[in-house]
Amino acid sequence: MAMEKTFDANSAEPRIYQMWEDAGAFKAGANARDGASTYCIMLPPPNVTGHLHVGHAFNHTLMDILIRWKRMQGFDTLWQPGLDHAGIATQLMVEKDLAATGQPKRTEMGREKFLEKVWEWKASKGGMIEQQARRLGDSMDFSRSAFTMSGASSAPDTEKPGNFHDAVLQVFVKLYNDGKIYRGKRLVNWDPHFETAISDLEVENREVDGHMWHFKYPLANGATYEYVEKDEDGNVTLTETRDYISIATTRPETMLGDGAVAVHKDDERYAPIVGMLCEIPVGPKEQRRLIPIITDQYPDMTFGSGAVKITGAHDFNDYEVAKRAGLPMYALMDTKGAMRADGKPYVEEAATAQAIARGDQEFDEAMIAAMNMVPEEYRGLDRFDAREKVIADITAEGLAVMHDVTRTVKNDDGEKVDVTETVPMVENKKIMQPFGDRSNVVIEPALTDQWFVDTAQIVQPALDAVRNGETKIMPESGEKVYYHWLDNIEPWCISRQLWWGHQIPVWYGPNGLTVCAADRFEALDLASKKINSEQGLKDGDFTVRDISSLADYEHELDAAAYDSGLTKEQILLSCDEPQRRKDGKLCFGLYRDPDVLDTWFSSGLWPFGTLGWPAEDEAMKYFPGDVLITGQDILFFWVARMMMMSNAVLEENPFHTIYLHQLVRDAKGEKMSKTKGNVIDPLDMIDAYGADALRFSNAQMAALGGVLKISEDRIKGYRNFGTKLWNAFSFADHYEIPNAGDSAMPVATQTLNKWIIGEVGKTRVAVNAALETYRFNDAANTLYAFTWGKVCDWYLEFSKPILQGEDETAKLETQATLRWVLDQALIMLHPIMPFITEELWGTADSRAKMLVHADWPEYGAELVDADADAEMNWTINLIETVRSNRAQVHVPAGAKVPLVFTDLDAKGQAAWNNNHVLIQRLARIESLTRVDDLPKGCVTIPMPGGTFGLPLEGLIDVPSEITRLEKSMQKLGKELGGLRGRLNNPKFAASAPAEVLAETQANLALREEEEAQIKAAIARLAELG
RNA sequence: GGGUGAUUAGCUCAGUUGGUAGAGCGCUUCCUUUACACGGAAGAUGUCGGGAGUUCGAGCCUCUCAUCACCCACCA
């Protein structure tokens, strides 16, 4: 039957994929041999909102190659897929969807209702990427697809059951009980857009154009001092009497929260006023707050004025200074980044603050947090508007530091004149500003209560694992980056003020009662015990109840009130203070922490949360997994956290190898972005060239640590490669190679067949070596060169005369060999190009198993027959040289020419005898004749074992032929010089290894033979000329 | 400011413990020869970023300079 001209990827791929899935070919353990070891790869879970982009396509290809390879080898494989709930991204997307469809806002519908909407959204629109992954040919076990929010209490019954949520809570409780998680009021990165805290990693520092303003803080009670500036040599350069201290700031709006002005203790300029008070020059004059001038190690005497305003609640440096000095830290902004509008009137707050500053008033954290130091005129303003107003107000009052600026302007007559003005001193300068990586708004440091993982306590095993080689990071440069980050790790802020996520399993009650438990029943139980032991109440004397959601559900609150005999107000109050019920029992209310966990907290548990843990699931046999393949951009976010979490929870490393790759860029090496319009959609590439071509291209560019540039031309090239493979089978079809079932390795007697079998052996060795060391590019290139460069270019051509010939024995052997060789190519190419190979496997022959489960070969270099190898290489070499010479002198391609030789040793003679049919056919030689001397005007073909000649008198342009030969003599001369130089150097003989010495000597002999032959050829031509 | 990596053919990149440079694409010439024009044959192109050093020998190791890229970082 005639095959189609090319492989129709568009129609075949879905059909083949369906066939695999229907057969359960990708299920965990499919095709595993008895007693096989496990081999497990965890897919980095894409966001549930995600689409397949080139980065996914790239690393999926690598994972699939490994998994398919191992599956064919009979390992008990699992490629675990799944989705990440992606807190912020998903919540944002659903909120947008609500807005677009005219539904109530998140805050209007309330938490429970909103979560229902998110689950609905997930059911209808989420997980698109899993369908797209199928188009790539990913052999994941989709029946096990996991979700990081599975099993959450908000999940609808229709959601496939799962227990990832249990895993997350169990781990939280464990770490909490071990003292590795704590809660506290800290300065954290606050995202005013999403109104949540975020971790350090989610902040992107960008250089932006900023300004630095200089303001005067007047000294209290009109005090003055002599301000003296000196140069490096100690000479006085400026002396003036000042009644203020000059400070520089890029954030004037935070002045309202200043707790002090700090100078360096060695700064002589300010020594006279250290300990004095100065006035914050903003707000109503009567209430202006006085703050102390203190010393601290932080101010840099050489920067700005050397004096720094300290705003503990709005700057990370100032926070440290304020802590050291015990300064009050006044928070000025609300969750949206606007100036606070809550609290008491400014007059009252200011009075309290002044008392604190004078030392007349004790203060604590809670009291400070409640105080609003924003004057009425600024309340409610956005932080950036407030900044403008502060600047304007201070400048208007004459408290901005002024300086003279001279500029050139044209006067009325058009002449240029210099005008000098005194203007406020504002420096334009580049400043590093923190932005939220998702929201793109300026991050505001905010003093809030948050949960932290005390990473210092769990980091060590993760570091050790890599240091002692238990887990290897590839490329190695990744290890340095890993060490650097983990060695300097900061506490990890894990609480988020979002709704979509794992709600923190901690409940609070009266009198500081705090319990951490995996569910509410356990929490109530634990709370009872604590009340019992800590507050001395007997079991029968009190009840505890979780009232977390009662406020949202009026009817439940009613029911609770009816049950307990308390008023609704009393029930809500019972969290703060136990309430006495009608029956005399004390009622303790518990409410659950409303925050959710950082998405990466749950992703950090991916290596075992997907395998059923904490339940005793059979799938846990796949833990620890083998290799993790992911982008190096999430080394800290995810990889390091998995290392820490696996060790903290299970005391094992989650994998032995971490393969990190770079960002996939466009052909020019630029980042892909929608605005640049250079985004390549992998699905478009699949549509145009088939998944196999994209996969081969991915494998081919996967050089370790290399820059990844995806190019459509390349993909197209590998589509062509697929067609080449297809046509090799078409060739076999054309010559009616009989079906052999699953072909066995033939016993070859023909040199040609012995040779190609050896090439198959070499290829299998090289491919295995490449895949074992994650050199996907080497594997791809090896297979490409083998299939195209050996099989198609030579073996198929060589086999033609035999297949068309009369020697039945040789024909049968060659048919069997051809079939086997092509089958080996399919098997070895399958991990990279699964579709076309499966299709050819099925159409070429009848098979016991699908290719996806075919046995990966185990033969190796023992298949190489050195004599056959040498002979075929000699043959190929002769053909190439004849062809080259023919082309050089423009012999018509179709014309047959005679070939002569002078001397031929036994080996050469045998090689000729064995292969003359091939040589004559492929080099278009009509005859071979022995001559005593090469005729004049003959092109010389130096070969090991003898000299051949093409008698092409009349066709050759003698001078240009001589020039050509002389050119090669020059090249040869250089090489000979090098070889002789080395061999004549006694130190070389002494220090070079024996192999290298022998190789060099053999090489020299060969080159010398060649030199003699070329010399003779030139001499002959010279006679002619 | 600290760190990491890169610099090899016109382009994009390989080059695994030092042994004397390769691939794909592109380009030039020829060929529709019965698997394949998504093809075949032949061909051109490199002081391996500059400089110095170690070595018998360096694209690879050391130092230095230059350019580029990325990551991290609190200078008001």
Side-chain angles (χ1 to χ4, degrees), chain A residues 3 5-7 200 205 212 247-251 262 298-300 302-311 315-320 431-432 434 445 475 477-478 480-481 484-485 488 632-633 635-636 662-663 667-669 689 693 697 700-701 703-707 709 711 713-714 716-735 769-770 773 775 777-778 781 784-785 789 792-793 796-797 800 804 880 883-888 890 892-894 921-922 924 974-975 978-979 981-993 995-997 999-1000 1003:
Chain A
M3 288 171 60
K5 209 168 156 56
T6 56
F7 175 58
D200 300 349
N205 290 303
M212 194 155 77
I247 61 97
T249 180
T250 56
R251 303 207 48 200
Y298 166 61
D300 176 350
T302 63
F303 189 88
S305 66
V308 189
K309 65 193 239 3
I310 301 300
T311 321
D315 182 281
F316 286 97
N317 289 310
D318 294 4
Y319 177 67
E320 295 302 323
I431 55 171
M432 292 300 283
S477 59
K480 290 181 192 165
V481 183
H484 184 257
W485 190 69
N488 299 292
Q632 70 135 228
D633 53 328
L635 175 61
F636 307 142
Q662 301 214 345
L663 190 77
K668 290 181 201 148
Y689 305 107
S697 170
Q700 194 284 147
M701 70 177 173
L704 217 42
V707 178
K709 299 183 189 175
S711 136
D713 281 344
R714 282 220 165 205
K716 193 171 164 184
Y718 294 119
R719 186 272 320 263
N720 295 354
F721 173 66
T723 305
K724 188 75 180 173
L725 179 69
W726 184 265
N727 278 306
F729 278 80
S730 183
F731 169 89
D733 193 49
H734 185 263
Y735 284 95
T773 50
R775 297 171 173 277
N777 56 323
D778 283 353
N781 289 335
Y784 187 97
C792 292
D793 284 352
L796 295 191
E797 292 302 330
K800 281 179 188 172
Q804 294 162 352
E880 283 181 336
R883 279 175 172 173
S884 172
N885 281 297
R886 289 170 57 114
Q888 209 81 47
H890 303 293
R921 182 191 176 98
L922 294 176
R924 303 229 162 219
K974 247 189 189 171
E975 226 171 308
L979 290 166
R982 280 156 67 189
L983 286 165
N984 291 338
N985 187 329
K987 282 190 187 168
F988 176 68
S991 46
E995 299 167 14
V996 175
L997 195 66
E999 198 184 314
T1000 310
N1003 208 353

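Keep in mind that the numbers below use all heavy atoms, side chains included, and drop hydrogens, waters and symmetry copies. Labels below follow one simple rule: chain letters A, B, ... track the order of the sequence lines, proteins then strands, and each chain is numbered from 1. Quantities reported herein were computed from a predicted structural model and do not represent experimental measurements.
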Watson-Crick and G-U pairing of RNA chain B, under 3.5 Å, as dot-bracket with | and [ ]: (((((((..((((.....[..)))).(((((.......))))).....(((((..]....))))))))))))....
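Nucleic acid contact for A/Glu797: base, since at least one base atom lies under 4.0 Å from a heavy atom of the residue. Note on A/Arg883: only backbone sugar-phosphate atoms sit closer than 4.0 angstrom, heavy atoms only; bases stay farther off. Residue-level contact check: A/Ser730 touches the backbone only, with heavy atoms under 4.0 Å from sugar-phosphate atoms and none from bases. Residue contacts for A/Ser711: at a heavy-atom cut-off of 4.0 Å it reaches no nucleic acid atom on any strand shown. Base engagement by A/Arg775 is indicated by at least one non-hydrogen atom pair under 4.0 Å involving a base atom.
For the pair A/Phe729 and A/Glu880, both in contact range of RNA chain B, the more 5′-proximal nearest nucleotide belongs to A/Phe729. Of the residues near RNA chain B, A/Tyr735 and A/Ala887, the one whose nearest nucleotide (by heavy atom distance) lies more toward the 5' end is A/Tyr735.
Note: NZ (A/Lys480) to P (B/G2) measures 17 Å, nearest angstrom. Between the CH2 atom of A/Trp726 and the P atom of B/G39 there is a distance of 16 Å, rounded to whole Å. Per the geometry, CE belonging to A/Met701 stands 14 Å off C1' belonging to B/A14, to the nearest Å. Remark: P of B/U33 and NE2 of A/His734 are 13 Å apart, rounded to the nearest angstrom.
Looking at heavy atoms from C-beta onward, A/Leu922 lies in side-chain contact with A/Arg883 at the 4.5 angstrom threshold. Side-chain contact check for A/His484 versus A/Asn488: some heavy-atom pair is nearer than 4.5 Å.
For A/Tyr718 and A/Tyr689, the gap between ring centers reaches or exceeds 6.0 Å.
Counting only heavy atoms from C-beta on, A/Arg714 has its side chain closest to B/A23 among B/C25, B/G5, B/A23. Among the nucleotides B/A41, B/C36, B/G5, the one closest to the side chain of A/Asp793 is B/A41. Out of B/G43, B/C38, B/A35, the shortest distance to the side chain of A/Thr6 is found at B/C38.
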Nucleic acid footprint by protein, nucleotides 70-76 of chain B - heavy-atom cut-off 4.0 Å, B for base, S for sugar-phosphate alone: ---BBBB
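Within the 4.0 Å cut-off from OP1 or OP2 of B/A35, at least one side-chain nitrogen or oxygen of A/Lys800 is found. The side chain of A/Asn727 contributes no N or O atom lying less than 4.0 Å from OP1 or OP2 of B/C38.
Shown here is A/Lys716, whose NZ atom has no more than 12 heavy atoms of other residues, nucleotides or ligands within 6.0 Å.
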A/Met3/A/Asn727 under side chain to side chain contact (heavy atoms under 4.5 Å, CB included): CA gap, chis, key distance, verdict: CA-CA 9 Å; A/Met3 288 171 60; A/Asn727 278 306; over 6 Å; no
Taking N or O atoms only and anything under 3.5 Å, show me the protein contacts with nucleotides 59-62 of chain B, one pair per line.
none

